[in-house]
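First comes the structure, then the notes that go with it.
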There are 2 protein chains.
Amino acid sequence: MIDITKPFVIYATCTVEYEGRACSTLDEGNYIILYKKDKSLLIHSGDKSTPINYQPSGTLLHLDGQQILARRKSEMIKITMRQIIHYACLENWSINELKIRKTERELVNKIVNNMSDYIDREGVVTCEYPTELGKIDIMLEEKGGVKHIIEVKRCKATINHCVQLEKYYNAIGEPQSRLYIAAPSIANSALNYAKSKNIKYIEVLFD
Amino acid sequence: MIDITKPFVIYATCTVEYEGRACSTLDEGNYIILYKKDKSLLIHSGDKSTPINYQPSGTLLHLDGQQILARRKSEMIKITMRQIIHYACLENWSINELKIRKTERELVNKIVNNMSDYIDREGVVTCEYPTELGKIDIMLEEKGGVKHIIEVKRCKATINHCVQLEKYYNAIGEPQSRLYIAAPSIANSALNYAKSKNIKYIEVLFD
DNA sequence: GTGTCAATGTCGATA
DNA sequence: TATCGACGTTGACAC
């Protein structure tokens with residue numbers, strides 16, 4: 001009945017045992033079992049977005065009566081099914097890429113590739129500029145030594161984002177540094193706060 | 001036909017759009033859609049163990065013809081189905097905890113809580129003792145200054161584990177430090193190597 | 001292949 | 001409810 005050579009979904013009353021990087025057991029219950037084209041195996045409980053147990057790509061299945069043995073390198077999952085409530089073979093399961101847009105990265109790239117549109121100074125541009133307090137999204141260093149610190153947000157900029165920027169300012173420890181918050185929009189309160197702290201707001205929009 | 005008030009699995013030819021923390025689109029194809037008891041929504045492609053798109057716990061569904069709208073706070077997923085290949089309502093989907101045993105953490109705790117059984121010295125015990133080369137599993141510091149460095153492994157100890165221990169020794173830079181490898185068992189070659197390097201093997205078993 | 005690092009990380013614990 | 005740290009992290013990219 002079950003064809004373990006093809007991707008499938010099973011809804012079954014079962015127990016699950018795992019042995020490998022750790023050991024684990026799962027009490028009997030009704031769980032969803034997914035077997036994918038890339039030979040990854042997922043066992044999903046009735047909550048959480050992560051599987052309650054899984055085996056990565058490259059897992060080989062052996063079916064022995066009501067028992068599924070899933071092996072991969074030195075790892076093993078044993079599923080003992082008391083009752084199969086539901087089984088479906090998944091023909092032509094698609095493998096596609098998710099196209100992600102409107103990320104912070106996209107805005108960072110836009111600024112870096114058109115720096116002169118946003119800051120009228122020349123210098124060395126560094127992304128992910130490291131400091132004790134984490135990475136600065138964009139750093140523009142003039143030859144003269146003046147540093148321009150740009151914090152990029154993909155959504156509306158808030159006061160908290162400005163505070164974060166000031167922390168970087170202190171971490172850098174160079175009073176002549178200049179601060180910028182770049183985002184598609186900025187909250188009114190944040191804009192007032194920014195002005196009072198000499199932080200310049202840069203409007204940067206998604207294409 | 002579809003009851004969106006109950007957990008379900010659907011296999012459908014569909015497209016998926018997401019808007020929220022970022023934006024994303026997914027080309028038409030056959031995907032598995034899971035809706036769980038905790039109102040989390042998962043869309044699984046034919047590979048990878050992570051869902052190609054998802055919405056965390058607390059997502060509310062609206063069904064409009066062949067279109068599922070999933071909303072949660074400021075996030076939204078829209079699934080447009082051209083054909084439902086498969087639908088099953090998942091009654092009594094279990095929510096259980098995975099019981100994880102035999103972790104390295106378990107052995108570390110056992111040693112720390114019964115230190116005198118393993119090392120006949122008094123001193124300050126620190127887990128995850130930081131060094132340049134990473135964290136030492138367990139550090140026992142005597143008042144006199146002598147340091148006991150313990151590396152814990154949940155499986156059979158190997159020569160590589162001993163080498164790792166020597167790196168810590170060098171990182172600490174205190175020649176009078178003493179080295180221990182703790183594991184349920186040790187390879188013969190590793191035991192010989194350990195002896196030659198003045199590393200003591202501690203047998204620690206899972207309860 | 002191995003090592004390093006980001007992630008729409010996810011998830012649990014804690015304040 | 002917000003923040004912090006761990007994860008059998010996973011997954012992508014550099015080497």
Side-chain angles (χ1 to χ4, degrees), chain A residues 16-26 36 38 40-45 47-59 70-77 95 97-109 127-130 133-135 137 152-155 158-160 163-164 167 206, chain B residues 16-26 36 38 40-45 47-59 70-78 95 97-109 127-128 130 133-135 137 153-155 160 164:
Chain A
V16 180
E17 287 167 82
Y18 164 78
E19 186 143 354
R21 284 179 255 185
C23 292
S24 71
T25 56
L26 180 58
K36 294 193 172 187
D38 68 347
S40 55
L41 180 76
L42 311 179
I43 297 149
H44 274 273
S45 171
D47 66 348
K48 310 284 172 63
S49 55
T50 49
I52 193 160
N53 217 330
Y54 65 90
Q55 198 86 274
S57 174
T59 295
R71 290 180 180 281
R72 178 190 175 271
K73 294 184 178 175
S74 59
E75 297 183 296
M76 190 264 299
I77 282 181
I95 293 179
E97 298 265 310
L98 193 67
K99 287 162 191 149
I100 296 177
R101 296 175 305 114
K102 299 195 182 178
T103 60
E104 183 177 305
R105 181 93 219 140
E106 199 175 319
L107 291 182
V108 167
N109 289 341
C127 290
E128 315 264 310
Y129 186 97
L133 297 174
K135 292 173 182 172
D137 290 328
V152 181
K153 288 295 153 192
R154 59 169 300 282
C155 50
T158 67
I159 291 180
N160 276 345
V163 173
Q164 181 63 26
K167 287 183 184 169
F206 288 109
Chain B
V16 180
E17 287 168 81
Y18 163 79
E19 186 144 353
R21 284 178 259 184
C23 293
S24 71
T25 56
L26 179 59
K36 293 194 172 188
D38 67 346
S40 56
L41 179 77
L42 311 178
I43 297 148
H44 274 273
S45 170
D47 66 348
K48 310 284 172 64
S49 55
T50 48
I52 193 159
N53 216 331
Y54 64 91
Q55 197 88 273
S57 175
T59 295
R71 289 180 181 282
R72 177 191 176 272
K73 294 185 178 175
S74 60
E75 296 183 296
M76 189 265 297
I77 281 182
K78 187 167 69 182
I95 293 180
E97 298 265 310
L98 194 68
K99 287 165 190 146
I100 297 178
R101 298 174 303 114
K102 299 193 182 179
T103 59
E104 183 177 304
R105 180 95 220 138
E106 198 176 317
L107 292 183
V108 167
N109 289 341
C127 290
E128 315 265 309
L133 297 175
K135 293 173 181 171
D137 291 327
K153 288 296 153 192
R154 60 171 297 282
C155 48
N160 276 344
Q164 180 61 28

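Reminder, nothing fancy here: chain letters follow the sequence lines and each chain counts from 1.
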(request) Tell which nucleotide pairs with D:dC4, taking only Watson-Crick or G-U wobble pairs whose two distances are both under 3.5 angstrom. (result)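 By the stated definition (distances under 3.5 Å), C:dG12 pairs with D:dC4.
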(message) Which residues pass the side chain to side chain contact (heavy atoms under 4.5 Å, CB included) test with A:Glu17, not counting sequence neighbours?
(response)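 Partners of A:Glu17 by the side chain to side chain contact (heavy atoms under 4.5 Å, CB included) criterion, ordered by chain and then number, come out as A:Thr25, A:Lys78.
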(message) Between A:Arg21 and D:dT10, is there a contact of a side-chain N or O with OP1 or OP2 at under 4.0 Å?
(response)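 So the side chain of A:Arg21 is within the cut-off, an N or O lying under 4.0 Å from OP1 or OP2 of D:dT10.
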(request) Output yes when at least one side-chain N/O atom of A:Thr50 is less than 4.0 Å from OP1 or OP2 of D:dT9, else no. (result)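 Indeed not, no polar side-chain atom of A:Thr50 lies that close.
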Check the distance between [N]'s [atom2] and [X]'s [atom1] and give it to me in whole angstrom.
X        : N      : atom1 : atom2 : result
A:Ile95  : D:dG11 : CD1   : P     : 13 Å
B:Lys73  : D:dT1  : NZ    : C1'   : 9 Å
B:Leu42  : C:dC11 : CG    : P     : 9 Å
A:Phe206 : C:dT8  : CZ    : P     : 13 Å
B:Tyr18  : C:dA7  : OH    : C1'   : 12 Å
B:Asp38  : C:dC11 : CG    : C1'   : 12 Å
B:Asn160 : C:dT2  : CG    : P     : 12 Å
A:Tyr54  : C:dC11 : OH    : C1'   : 13 Å

(message) Can you identify which nucleotide, out of D:dT10, C:dT8, C:dC11, has its nearest atom closest to the B:Asn53 side chain?
(response)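 The answer is C:dT8, which lies nearest to the side chain.
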(message) Please check this pair: side chain of B:Arg72 against backbone of B:Ser57, looking for a donor-acceptor N/O pair closer than 3.5 Å.
(response)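 Present.
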(message) Distance alone, cut at 3.5 Å: any donor-acceptor contact between the side chains of B:Ser24 and B:Asn53?
(response)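 A pair is found: one side chain offers a donor N or O, the other an acceptor, under 3.5 Å apart.
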(message) Any base atoms under 4.0 Å from A:Ile77, or only sugar-phosphate, or nothing? Heavy atoms, all strands.
(response)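 Result for A:Ile77 = nothing.
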Is there side-chain contact between [X] and [Y], with heavy atoms separated by less than 4.5 Å?
X        : Y        : answer
A:Pro51  : A:Ile43  : no
B:Cys127 : B:Val108 : yes
B:Glu106 : B:Ile100 : no

(message) Please report the distance separating the P of C:dT4 from the corresponding atom of C:dT8, rounded so that it comes out in whole Å.
(response)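 C:dT4 and C:dT8 have their P atoms separated by 22 Å.
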(request) For A:Gln55 and for B:Ser49, locate the closest nucleotide of DNA chain D by heavy-atom distance; then report the residue assigned to the nucleotide nearer the 5' terminus. (result)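 Final value for this comparison: A:Gln55.
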Can you name the atoms? Protein N/O to nucleotides 12-15 of chain C N/O, anything below 3.5 Å, with the distance.
residue : atom : partner : partner atom : Å
C:dG12  : OP1  : A:Lys48 : NZ           : 2.3

(message) Assuming nearest nucleotide by heavy-atom distance, tell me which of A:Asp47 and B:Glu75 is located more 5' along DNA chain C.
(response)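 So the residue in question is B:Glu75.
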(request) Tell me which of B:Ser57 and B:Ile52 sits closer to the 5' end of DNA chain C, going by the nucleotide each one is nearest to. (result)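 It is B:Ile52, whose closest nucleotide lies nearer the 5' terminus.
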(message) Evaluate A:Glu75 against A:Arg21 for salt bridge (charged side-chain N to carboxylate O under 4.0 Å, His left out), listing each step before the verdict.
(response) CA-CA 7 Å; A:Glu75 297 183 296; A:Arg21 284 179 255 185; 3.0 Å; yes
